[in-house]
Amino acid sequence: MPDPGHAPEASPAAAAPLPTPRSPYSRDTNTPLDGAASPLVRPYLVAVEREQARQSRRRLALVLAADFGIDLDRHVVGAEQVVAC
């Protein structure tokens, strides 16, 4: 009969340590994540930089076209209405 003042003895299987908690999102738990390896980038800044690069390329194309005397007419997408000479 168990003694009411004493806790029951644990079995050897119950005395084994619990496994380390694992994240379901990572398979490699031995190495910590390196924050410097994946810099944080705000998506709206990337979009602004892309737009600025696109505008810069278009501006360069227009300057080169003007320098070499290329006439921009209605065949160029985005060109304004052709001025009659």
- Item | Results of salt bridge (Lys or Arg N to Asp or Glu O under 4.0 Å) for Arg54 - residues two or more places apart only | Glu51
- Note on the structure: Val46 meets the side-chain contact (heavy atoms from CB on, under 4.5 Å) criterion, sequence neighbours left out, with Val41, Arg50
- Query: For Tyr44, which fellow cluster members are found when Ile, Leu, Val, Met, Phe, Trp and Tyr are connected by side-chain heavy-atom distances below 4.5 angstrom, either directly or through intermediates?
  - Reply: Leu45
